[in-house]
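This report concerns only the one structure given below.
In what follows, chains are A, B, ... by sequence order, proteins preceding strands, each numbered from 1.
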Number of protein chains: 2
Amino acid sequence: MKETITIKTLAKELNISISTVSKALNDSYEISIETKQKVWDLAKMLKYNRNPSASNLRSHKTKTIAVIIPEIANNFFSQAINGIEEVARQRGYHVLIYQTHENTDQEIAFTDSLLSGRVDGILISVSSDHDNRDHFTALVKEIPTVFFDRVYEDIDAARITTDDYESAYNATSYLVECGCKKIAYLFALNNLNAGKQRMSGYQDALKAHQLAYREELTVNYDKDADLNYQNIKDLMLNERPDAVISSIEDLALPCYYVCKELGIHIPDDLKIISFSNLNTAPLLNPSLTTITQPALEMGRQAAAILFKILDKKHFEPNEWLTLKSTLIKRDSTACH
Amino acid sequence: MKETITIKTLAKELNISISTVSKALNDSYEISIETKQKVWDLAKMLKYNRNPSASNLRSHKTKTIAVIIPEIANNFFSQAINGIEEVARQRGYHVLIYQTHENTDQEIAFTDSLLSGRVDGILISVSSDHDNRDHFTALVKEIPTVFFDRVYEDIDAARITTDDYESAYNATSYLVECGCKKIAYLFALNNLNAGKQRMSGYQDALKAHQLAYREELTVNYDKDADLNYQNIKDLMLNERPDAVISSIEDLALPCYYVCKELGIHIPDDLKIISFSNLNTAPLLNPSLTTITQPALEMGRQAAAILFKILDKKHFEPNEWLTLKSTLIKRDSTACH
DNA sequence: CTGTTAGCGCCTTCAT
DNA sequence: ATGAAGGCGCTAACAG
């Protein structure tokens, strides 16, 4: 470690005052272009780097945003972060990552700690383990926050989602058109609006096609993976549906396994459609049709909204954007 | 926004000095337990949050680390970040994410900017587009840095990798044992040690089994996806190998497509093994066997090494850890 | 054990 | 167009 170089160093070297250097570095209009140039040149030569802590302390701007998500190692979220990071980068912002692992207590700890002024804004996709939003009401008043994908509608903040209802509705209709009569539903995220919307879309589509919604055709997600497996197996044994819609990838997988175990052939005996954002679609088992959310785009847009708020420095009537999902049909699930 | 509450507020409220409050909050041994308790209680009641910028400025500790990776939306890296974040969290550290998108210029910009003291340490997996390490020689002297997975061996810093050579060697041997005589290699990351090691493992395994290494059986990765497709297609048409080892997922995919187009059946006509960290293995086409790196564990260990360096506050003889990959054999690729 | 003092590096009036 | 001075909030000697 060598001696650190500060604006003081530059000032001394150029025989000008510290404040002049500071202003020059900030491209202030009160400084002559020649002086600025001299400062910039020397700064570059000496590889000067502004000390962010000192700068933040004075200016109350951190050039940093936080992203709070349930899980990084999830295709949807990692793609969303990709989009967020891309936009943040363009603006010269830094991106902090926090994973809740679907734990509300952890989420509360994060949001509380972010009240310290460590970041200028927050992007968050809420944890699914509780329907608890108390910690957000205070947060959104203190610091610009954008909710994405997993949102609470009754929090007064900007938010961006996908068309959960419509996509589930369309997927269900599609299965009906394929001739399916007994469409099961693997239900997750039931604490969240997204989960509820997907379920409603499924139910309404059934109704629209004169098919009855039956609770026995539904499996509720459980943290216990073994239990999920067993429940799905029971569903298959007791009801033998001819199609399944899964609200998350994590339920489509055990379903796939169950079929393997029971010798149920996909898609001839059973068609599966799952909400999924695997970026390796072509490698997927061709019998799985997916409802794919525009994760990258959502990340970009969410960040864009946040920066819009940050730019205005005051809170706008909060935006609510909805992006469209895509039903990606693999060959072998296509209607015949 | 209400008026911010600082240690000064607490001090005034309790009629003690600012420094006493500061020490109490830092759990200093020089403060009586009663005073500490009073301070803590009030702090909690008033929801006091230490201003990180001020603290950093004074103490030169940011409680923040940076992770620089090529791409977040890549299973290997997102799992690694997962592990890193987990360990950082335990230590109360914050994690900044930077994506290079395989662009060395971007990488240089990041490392330069991190010299400003924004972070206490850096975890990095280097970009593959150039074999350029100049920007690291200065960096590693200034700030604790751990290289993971994609490393430069000649940089004097801690690093952690997987057994690229061995895993490629074993995979190749496995194919030979399955009866394959003409094993092609899809070569990527050729600027990096990892890429070279994998290639060497492949070559040496061929030799060990009295099979000749032939350049015509190799396709070099190109940024142009269409070109990769065409090159692989040419390989298939001209050489008709009976097996392929792909050094990255991104080359296994086009290979898979080519086979589809040419009517080459996998795995009967052609066996494919790819380095891959898809977390959805069971959904994968069952004809793809993978060499899977312990990404999560690597993230954890990399972070652990960094914290070890941070704890000691001086640079140790640099560690070099190697973790083992796993050859995950799908049913249908198994030897018969 | 507690308080006083002096900055960390930078930005920002306010003068000149 | 430039400079002097004060302070952001906190920590770290150093005294008591």
Assign [X] to base, sugar-phosphate, or nothing according to its heavy-atom contacts below 4.0 angstrom with the strands shown.
X	answer
N56(B)	nothing
T6(A)	sugar-phosphate
T35(B)	sugar-phosphate
S19(A)	base

[X] [atom1] to [N] [atom2]: how many Å, rounded?
X	N	atom1	atom2	result
I31(B)	dA12(D)	CD1	P	13 Å
N15(B)	dT2(C)	CG	P	13 Å
I18(B)	dT5(C)	CD1	P	12 Å
N26(B)	dA12(D)	CG	P	7 Å
I16(A)	dC10(C)	CD1	P	14 Å
K23(A)	dA5(D)	NZ	P	14 Å
H60(B)	dG9(C)	NE2	C1'	9 Å
L14(A)	dG3(D)	CG	C1'	15 Å

N/O (side chain, Y48(A)) to phosphate O (OP1/OP2, dC10(C)) under 4.0 Å: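 True: Y48(A) side-chain N/O within range (under 4.0 Å) of dC10(C) OP1/OP2.
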Phosphate contact (dC8(C) OP1 or OP2) by S53(A) side-chain N/O below 4.0 Å: no
Selection from dT4(C), dC10(C), dT11(D) that lies nearest to any side-chain heavy atom of S17(B):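 So the side chain of S17(B) is nearest to dT4(C).
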5' priority, DNA chain C, between A54(B) and S32(B) [closest heavy atom]: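 Result: S32(B).
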CA sep, side-chain torsions, deciding dist, call: R91(A), D311(A), salt bridge (Lys or Arg N to Asp or Glu O under 4.0 Å): CA-CA 11 Å; R91(A) 307 277 307 230; D311(A) 285 344; 2.7 Å; yes
Please confirm whether any donor atom in the side chain of [X] sits under 3.5 Å from an acceptor in the base of [N], or the reverse.
X	N	value
R58(A)	dC11(C)	yes
S22(B)	dT11(D)	no
S55(A)	dG9(C)	no

E34(B)/K38(B) ion pair, N-O < 4.0 Å: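 So E34(B) does not pair with K38(B) through a salt bridge.
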Check: E71(A)/H101(A) side-chain N/O donor and acceptor closer than 3.5 Å: yes
Distance-only polar pair, side chains of D120(B) and T62(B), donor-acceptor under 3.5 Å: yes
Gap between atom CH2 of W320(B) and atom CD1 of I160(B) - 0.5 Å precision: 12.0 Å
